[in-house]
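See structure below.
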Amino acid sequence: QLQLVESGGGLVQPGGSLRLSCIASGFTLDYSAIGWFRQSPGKEREGVSCISSTTGFTHYSDPVKGRFTISRDSAKNTVYLQMNRLKPEDTAVYYCAAETSDADSYCSTYDRSLKGDYWGRGTQVTVFS
């Protein structure tokens, strides 16, 4: 069964940190691109960050640039999103998605297409004062 499972969400105060994990099973991420997305109530889903396993290319949306870091561990078939200096506006459900058919160029368009071949169910991140 092909699936993605996110974990690592939780409650944190502003300025705090969390590390999200996106674990793939049933397929390897070595030939995929992984995008992280988030959605909060009443808002559209937005692309947050992306990494291509085939090119090494990474991308960050402007709101998280300089605070979030995306990385991958091939041995664990996992992609991470390290989130530092969290803000209340980062509160959302965070999803990861894998693109297996166009890993080379996915990260150039993921934040506009909001697409992916496989999706996880999401993990809640809440930043509160």
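Keep in mind that what you see is a predicted model, and the values were worked out from it rather than measured. By convention here, the first residue in the shown sequence is residue 1.
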Side chain to side chain donor-acceptor pair (under 3.5 Å) with Ser32: which residues, sequence neighbours excluded? none

Name all residues meeting the side chain to side chain donor-acceptor pair (under 3.5 Å) criterion together with Ser61; count only those two or more places apart in sequence or in a different chain, and write none if there are none. none

The criterion is side chain to side chain donor-acceptor pair (under 3.5 Å); which residues satisfy it with Arg85, sequence neighbours excluded? none

Quick one: does any side-chain atom of Asn84 pair with a main-chain N or O of Ser17 as donor and acceptor, under 3.5 Å? no

If we only count heavy atoms from C-beta on, is the Leu114 to Glu44 side-chain gap below 4.5 Å? no

Tell me every residue that passes ring pair (Phe, Tyr, Trp, His ring centres under 6.0 Å) with Tyr110, counting only those two or more places apart in sequence or in another chain. Phe37, His59

Should Pro63 and Glu89 count as side-chain neighbours, where that means a heavy-atom distance under 4.5 Å? no

Tell me the salt bridge (charged side-chain N to carboxylate O under 4.0 Å, His left out) pairs involving residues 45-61, sequence neighbours left out? Arg38-Glu46

With a 4.5 Å cut-off on side-chain heavy atoms, are Asp30 and Arg72 touching? yes

Contacts of type side chain to side chain contact (heavy atoms under 4.5 Å, CB included), residue Ser7, not counting sequence neighbours: Ser21

Under 3.5 Å, is there a donor-acceptor pair between the side chain of Thr123 and the main chain of Gly9? yes

Please list all pairs passing the salt bridge (charged side-chain N to carboxylate O under 4.0 Å, His left out) test where one or both residues lie in residues 103-112, with sequence neighbours left out. none

Listed once per pair and sorted, the disulfide bond (SG atoms under 2.5 Å apart) pairs that draw on residues 14-89, sequence neighbours left out: Cys22-Cys96, Cys50-Cys107

Can you list, by chain and residue number, the hydrophobic cluster partners of Ile34 when the side-chain cut-off is 4.5 Å? Leu2, Leu4, Val12, Leu18, Leu20, Phe27, Leu29, Trp36, Val48, Ile51, Tyr60, Val64, Phe68, Ile70, Val79, Leu81, Met83, Leu86, Tyr94, Tyr118, Val125, Val127

Restricting to pairs with a member in residues 115-129, which pass salt bridge (charged side-chain N to carboxylate O under 4.0 Å, His left out), not counting sequence neighbours? none

Does Asp73 have any side chain to side chain donor-acceptor pair (under 3.5 Å) partners at least two apart in sequence or in another chain, and if so, which? none

Is the closest side-chain heavy-atom distance between Pro14 and Lys87 below 4.5 Å? no

Nearest non-hydrogen partners of Thr78 and Lys76, listed with the distance: OG1-O, 2.7 Å

Only counting residues at least two apart or in another chain, list the ones meeting salt bridge (Lys or Arg N to Asp or Glu O under 4.0 Å) with Lys65. Asp62

